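Keep in mind that what you see is a predicted model, and the values were worked out from it rather than measured.
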Amino acid sequence: MRMSRLLSQTLREAPSDAEIISHQLLVRAGYIRQMAAGIFTAMPLAKRSLTKIENIMRDEMNKINGQEMSMPVVNPAEIWKATGRWEKVGPEMGRFQDRNGRDMVLAMTHEEAVVAVVKDEVQSYRQLPMMIYHIQTKWRDDPRPRAGLIRVREFTMKDSYSLDQDWDGLDHQYANHYRAYFNIFGRCKLPVIAVESDVGMMGGNLAHEYMYITPIGEDTLLLCDKCGYSANRQIAEFKKVKAEEEKVLDREKIATPETKTIADLAALLEIPESKTDKVVFMMAAKSTEEGEQETLVFAIVRGDMELNETKLMNAVGARSLRLAEEEEIKACGAVPGYASPVGLKDVLVVVDDLIPQSPNLVAGANEEGFHFKNVNYGRDFTADIVADIAAAQDGDACPTCGAAMKAVRGVEVGNIFKLGTWYSEAVGATYQDADGNEKPIVMGSYGIGSGRLLASVVEEYNDKYGLILPITISPYEVHLVELAGSKDVSGEVKKTAEQIYKDLTAAGLEVLFDDRDESPGVKFNDADLIGIPLRLTVGHRALKEGGIELKLRHESEKSQIPVGQAVEKTQEIIQGLYDEVLDNLETVEFEG
RNA sequence: CGGGGUGUAGCGCAGUUGGGAGCGCGCCGCGUUUGGGACGCGGAGGUCGACGGUUCAAGUCCGUCCACCCCGACCA
């Protein structure tokens, strides 16, 4: 490709609304342009990279017997009504009506489409196991798109779906994906870890998220260096330190004016925060026969801990949670700032499992300006549910080995999920087993977003000059720079560069040829910005010695090769770059 | 949805008490330059986010709305 014809202008300055590095660089280098919040155009450079990423996904999916297909982006509402998600999913689902007033959905994922097809096509155990996948556009009307390609509303995802007779079959396909996903990220040179994640309400029993560790990540992970335990904070467990045994004391009401926070309370009474109860009021939404219903949940953790909303949601079986409004709190007789489970009725009380083991805590008195001392679970109040609802924090003890865990941020670049029979039962996607029994197909679903993956790689590999892309996903393999200028009176430089461009292309290499009439500085800076791994320079300096110059993007040294060896040498280097990626690929098997 | 911020040329920005729509980069033409974002001269490019109001006069003041960014809520 000649740069003089490329629809991708580099920018000296990034748009002011680009804040993270990958966003700035991808815009500056001409890979992407924004069209609306969370909606981007992939310019030719980005499109080539994305295609390469997707081809790596294809290859790895095909290796584990995936069959590529393409399911529609626009779905009839019926198939979403069949699984209940038409009602269940909120405004993040794109909906519209066709000309005849029929409800339509812009697919945010394709479980519905899968079961709609499979229901009619799969009838016998003889057809199973099966694995299908596609690479397709998704629309999720995220309330807050951000960080360039990291979090968008319209995106392309490789999503695959495993279909099995039983859970053993699913376990096998799950393990296949677990390994294949490490291969995909490895081939893109993106370092990731797999962490256990929330399975939500879909009845699955296991899910992993592939996380690229970076401070710009939106998820918090807890990692144990000692034993390797790793989990999303949403579900991370930890060993809680029990309070020391104490004699249970009599409850006592004390005046605590203007003391509405745990910190204030601990300071006023000169006690540690761990000697207090923290109350958080949440409104939990549940889907019932009569539709959506909200109930107030009175959640209690020890004062030194934080509530984990995902754990609470799972404990009460809610679909979603939100903080309660002050009026809603008052309506049940509690007093914000002085709230307490003591003496309350008709609310759902959920306490963290550490509370019953913590004697003589300070809790609110449900009266403005007063707290109770020596509140004890069992004697002074009881809960409807006792469960682990506290959030693990940096430094907390690992649930398996007890070592201190660390909290880090990560971007979720992929996830694998044992769905089980939730969808197949909902729509009656069943097969007949060898004994003639009708059984629901056991499913798994697995996804990787290609744009987010590209942005993560850029985030990982860059310097102040621009991108430094791995050869496997670089839009071109070679960046050929011609420095003819007016000194090139004989046209020798120009001629040589044109010939090398022709030869490299003929040899099957993907070449971006900077044939523009620009100064050397401009060309070099653009080459660095675009980040193709190998740069060849044809200029009078080397050419008078019969050579051309060669430089790897990730190294600072330049070298020279004879013009006659340009093709051969370039092929060798490019092959070396590919080999290096494959040589460093580690096979990671699922153990669990 | 709550809090904060920004909307002026393709990008980055300036615009004072209300009266001229500007600067740098980029773009077009001519010339000089040519190994790390060169220089001179000449040029094109604007519903000043939108609508309404105040005023002799609005980029500037007032109101409403919209868009985009950041934090939170939410979300895979």
Side-chain angles (χ1 to χ4, degrees), chain A residues 9-20 23-24 27-28 30 33-39 85 88-93 107-111 138-148 150-153 155 157 159 197-202 207-211 216 218-219 232 234 282-283 285 309-310 313 319-325 411-417 419 445-449 452 465-466 481-489 493-494 514 516-529 535 537-544 548-549 551 556 558 560:
Chain A
Q9 195 178 24
T10 57
L11 302 176
R12 199 176 291 214
E13 287 168 292
S16 56
D17 56 13
E19 205 159 85
I20 67 159
H23 187 193
Q24 292 174 347
V27 172
R28 278 191 56 211
R33 292 291 183 255
Q34 184 164 347
M35 190 164 273
I39 301 177
R85 284 164 115 191
K88 213 166 208 173
V89 180
E92 62 268 31
M93 182 151 76
M108 48 195 301
T109 173
H110 280 81
E111 283 83 5
K138 315 286 176 200
W139 171 259
R140 296 182 190 177
D141 196 356
D142 197 286
R144 191 154 109 73
R146 55 174 290 272
I150 297 284
R151 190 176 188 80
V152 293
R153 296 193 292 170
F155 59 102
M157 183 162 103
D159 42 326
S197 66
D198 185 35
V199 292
M201 293 287 291
M202 301 306 175
H208 284 85
E209 291 168 341
Y210 288 76
M211 291 286 183
I216 65 157
E218 311 179 278
D219 288 282
N232 193 307
Q234 293 178 327
M282 307 295 298
M283 296 301 290
E309 293 186 19
T310 305
M313 205 148 73
R319 185 179 74 76
S320 67
L321 281 181
R322 63 174 175 86
L323 282 169
E325 306 281 339
V411 169
E412 181 189 343
V413 286
N415 72 296
I416 57 178
F417 190 177
L419 292 177
S445 92
Y446 318 85
I448 300 181
R452 183 179 281 188
Y465 302 108
V481 175
E482 159 257 287
L483 299 180
S486 61
K487 275 189 191 164
D488 186 34
V489 277
V493 171
K494 186 90 192 159
D514 194 346
R516 299 173 303 167
D517 184 20
E518 290 286 353
S519 72
V522 171
K523 292 188 171 192
F524 288 142
N525 278 302
D526 279 350
D528 287 345
L529 188 54
R535 187 183 81 196
T537 307
V538 183
H540 65 273
R541 193 184 277 179
L543 198 57
K544 68 184 177 208
I548 59 172
E549 186 188 285
K551 183 183 171 299
S556 50
K558 302 165 189 169
Q560 199 170 307

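Whole-Å rounding puts the A/His23 NE2 to B/C69 C1' distance at 10 Å. In this structure, A/Met35 atom CE and B/C69 atom P are separated by 14 Å, rounded to whole Å. Distance A/Lys138 NZ to B/A76 C1': 11 Å, rounded to the nearest Å. The interatomic distance linking A/Glu92 (CD) with B/C74 (C1') rounds to 8 Å, in whole Å. One interatomic measurement links the two molecules: CD of A/Glu218 to P of B/A73, which rounds to 11 Å at whole-angstrom precision. Across the protein-nucleic acid pair, A/Asp141 atom CG and B/A76 atom C1' stand 14 Å apart, rounded to whole Å. Nucleotide B/C11 holds its C1' atom 11 Å from the CZ atom of A/Arg28, rounded to whole Å. In this structure, A/Glu309 atom CD and B/A73 atom C1' are separated by 9 Å, rounded to whole Å.
Remark: the separation of the C1' atoms in B/G46 and B/G40 is 27 Å, to the nearest Å. A distance of about 36 Å separates the C1' atoms of B/U55 and B/C11, rounded to the whole Å. Taking the C1' atom of each, B/C62 and B/U54 are spaced 7 Å apart, rounded to whole Å. Between the C1' atoms of B/C13 and B/U17, the separation comes to 23 Å (whole Å). Comparing the P positions of B/C23 and B/G5 gives a spacing of 31 Å, expressed to the nearest Å. Straight-line distance between the P atoms of B/G2 and B/C61: roughly 26 Å, to the nearest whole Å. Between the P atoms of B/G10 and B/A73, the separation comes to 37 Å (whole Å). Between B/C28 and B/C66, the distance separating the two P atoms is 39 Å to the nearest Å.
In terms of modelled atom types and a separation under 3.5 Å, the side chain of A/Lys138 and the main chain of A/Met157 share no donor-acceptor contact. Between the A/Gln24 side chain and the A/Ala18 main chain, a donor and an acceptor come within less than 3.5 Å of each other. Under the 3.5 Å distance criterion, the side-chain polar atoms of A/Arg140 are matched with a main-chain donor or acceptor of A/Met108. With hydrogens and angles ignored, the 3.5 Å screen pairs no side-chain donor or acceptor of A/Glu209 with any backbone N or O of A/Met211. A donor-acceptor pair is defined here as one N or O able to donate and one able to accept, closer than 3.5 Å; no such pair exists between the side chain of A/Lys494 and the backbone of A/Glu482. When atom types are taken as modelled, the side chain of A/Asp528 and the backbone of A/Tyr465 share no donor-acceptor pair closer than 3.5 angstrom.
By the 4.5 Å heavy-atom criterion applied to side chains, A/Arg85 and A/Met93 are not counted as neighbours. The side-chain heavy atoms of A/His23 and A/Ile216, taken from C-beta on, include no pair separated by under 4.5 Å.
Counting any heavy atom pair closer than 4.0 Å across all strands shown, A/Asp526 reaches a base atom. If you check every strand for non-hydrogen atoms under 4.0 Å, A/Pro15 touches sugar and phosphate atoms only. Residue A/Pro145 is in sugar-phosphate contact alone, with no base atom involved, counting any heavy-atom pair closer than 4.0 Å across all strands shown. Across all strands shown, A/Gln34 has heavy atoms under 4.0 Å from sugar-phosphate atoms exclusively, and none from any base.
Checking the phosphate oxygens (OP1, OP2) of B/C69, no side-chain nitrogen or oxygen of A/Arg146 falls inside 4.0 Å. For the pair A/Gln234 and B/A76, the criterion of a side-chain N or O lying under 4.0 Å from OP1 or OP2 is not met.
Ion pair A/Asp142/A/Arg153 not flagged as a salt bridge, since none of the NZ, NE, NH1 or NH2 atoms sits closer than 4.0 Å to an Asp/Glu carboxylate oxygen. Between A/Arg146 and A/Glu218, at least one side-chain nitrogen of the basic residue sits less than 4.0 Å from a carboxylate oxygen of the acidic one, meeting the salt-bridge criterion.
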Nucleic acid footprint by protein, nucleotides 24-36 of chain B - heavy-atom cut-off 4.0 Å, B for base, S for sugar-phosphate alone: BSS-------BBB

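When all heavy atoms of A/Arg33 and A/Val27 are compared, the pair lying nearest together is NH1-O, 2.7 Å.
For RNA chain B, the stems formed by at least three consecutive Watson-Crick or G-U pairs, with both atom-pair distances below 3.5 Å, span B:1-7 with B:66-72, B:10-13 with B:22-25, B:27-32 with B:38-43, B:49-53 with B:61-65.
Of the two residues near RNA chain B, A/Lys523 and A/Met108, the one whose nearest nucleotide lies more 5' is A/Lys523.
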